[in-house]
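Quick caveat, the model's predicted, so the values are computed rather than measured. Chain naming here is simple, since letters A, B, ... match the order of the sequence lines and numbering starts at 1 in each.
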Protein chains: 2
Amino acid sequence: MRGMNGSGEQLERKTKPGSGPGQAGPEGDLPRQAWTLLFELMHTHMRNFPALAAELDLSPVQAHVLRQLGEGPLAMSTLAAYLSCDASNVTGLVDRMEARGLVVRRSSEQDRRVKMLVLTEDGAALRERLLERIFEPPDAICGLPEEDLCALRDIMRRALGAQ
Amino acid sequence: MRGMNGSGEQLERKTKPGSGPGQAGPEGDLPRQAWTLLFELMHTHMRNFPALAAELDLSPVQAHVLRQLGEGPLAMSTLAAYLSCDASNVTGLVDRMEARGLVVRRSSEQDRRVKMLVLTEDGAALRERLLERIFEPPDAICGLPEEDLCALRDIMRRALGAQ
DNA sequence: CCTAAACAATTGACTTCATCAACTATTGAG
DNA sequence: CTCAATAGTTGATGAAGTCAATTGTTTAGG
């Protein structure tokens, strides 16, 4: 029971008087404060993402791919861009997922160089089960009062909309 | 410029009438709505964490370890628990970081089985540079009005405090 | 005390993820 | 037609992950 260190203390030290080069009012840098806490929450929650994927016999990256593949066919190169990784990496990744019957490669008709990835029926079904688990909110969120949840939702909509 | 797919549409479909087994009021499940948006924002931002770590010649996991190691010495097994991975994995991880002079192993005096990890001076300096980058808030956050940032900070404090 | 279970770290075999360099096939521009 | 650019694959290599087995070191029971 020694988990949950009080790392907030460590972070607040960045706002010590006279430290910041520019902004930093009397109580420090507000965007950074909010972001740091947000990061803390997400980081804690993401620690068990590999275990969550493993429950469905997926590696973390395969789970990530399955999630991205919901909007419809996707070129391998586009997937590589989404994953911010090399195209050659995607080849092996898709090899394994295709061998398990989750996706298929379909040659594009407009451009015979590109291969489009399509979810199989099994892949789509597994994706639904995955999303169900991914978007299950953690206790820290469920425990918030309704007004906080509404405010949070609205703030996030503004943040995502205005970028 | 085809990034930022409108995957919100996909997610909202989960609240279609008659689907949920339990809660789901007229406008759906509020915690899930808030969480889904939060997840979207964080996920988008986290995509370039590997690149951020690479700027400091760190792998993503090494960056993660460096971040965890700020509170003081840590047993290898404790680190394995933090990382949610096997202890044997930590051996190689620490081998590489020790070879680069970021950490050292110190045998514990109370229990000669355990080895404590301690940041070197170089390791601590690199950690500061890393944290500076990690906690730099993204544009989506910086663009929010001050009242939203205050509300967000306070909500996150409640969420993290009450778990 | 002495033996046996439990634990911390390591090693070795193996898989997946990731990069880079080289290659093939295809497209598109001049 | 030729040449540069692009999409995907292959091969070599290394990091990160798992599991099974091993070595020291505590700790608990008889």
Reading DNA chain D from 5' to 3', where do the contacts with chain A start and stop? Cut-off is 4.0 Å to heavy atoms.
D:dA5 to D:dT10

Here the salt bridge (Lys or Arg N to Asp or Glu O under 4.0 Å) pairs for residues 112-122 of chain A, sequence neighbours left out, are A:Asp111-A:Arg113

Can you give one letter per nucleotide of nucleotides 17-30 of chain C, going 5' to 3': B for a protein heavy atom under 4.0 Å from the base, S for sugar-phosphate only, - for none?
SBBB----BBS---

N/O donor to acceptor pairs below 3.5 angstrom from side-chain atoms of residues 50-59 of chain A, sequence neighbours left out:
| unit_1 | atom_1 | unit_2 | atom_2 | d |
| --- | --- | --- | --- | --- |
| A:Glu55 | OE1 | A:Arg133 | NE | 3.2 |
| A:Ser59 | OG | A:Gln62 | N | 3.1 |

Would you say C:dT10 has OP1 or OP2 under 4.0 Å from some side-chain N or O of B:Arg105?
yes

Quick one: side chain to side chain donor-acceptor pair (under 3.5 Å) partners of A:Glu109, sequence neighbours excluded?
none

Could you list the residues that satisfy side-chain contact (heavy atoms from CB on, under 4.5 Å) with B:Glu98, not counting sequence neighbours?
B:Val103, B:Val104, B:Arg105

I need the full list of side chain to side chain donor-acceptor pair (under 3.5 Å) pairs touching residues 142-152 of chain B, with sequence neighbours left out, sorted by first then second residue.
A:Arg158-B:Asp148

Are B:Arg32 and A:Glu132 ion-paired here, with the side-chain N under 4.0 Å from a carboxylate O?
yes

Any ring pair (Phe, Tyr, Trp, His ring centres under 6.0 Å) pairs touching residues 58-80 of chain B, not counting sequence neighbours?
A:His43-B:His64

Would you list the atom pairs, donor with acceptor, under 3.5 Å between side chains in residues 83-91 of chain A and any protein atom, with sequence neighbours excluded?
| unit_1 | atom_1 | unit_2 | atom_2 | d |
| --- | --- | --- | --- | --- |
| A:Asp86 | OD2 | A:Ser88 | N | 2.9 |
| A:Asp86 | OD2 | A:Ser88 | OG | 2.6 |

For B:Ser77, answer base if it contacts any base atom (sugar-phosphate contacts may also be present), sugar-phosphate if it contacts only those atoms, and nothing otherwise; contact means non-hydrogen atoms under 4.0 Å.
sugar-phosphate

First of A:Asp95 and A:Val114 reached from the 5' end of DNA chain D, by closest nucleotide:
A:Val114

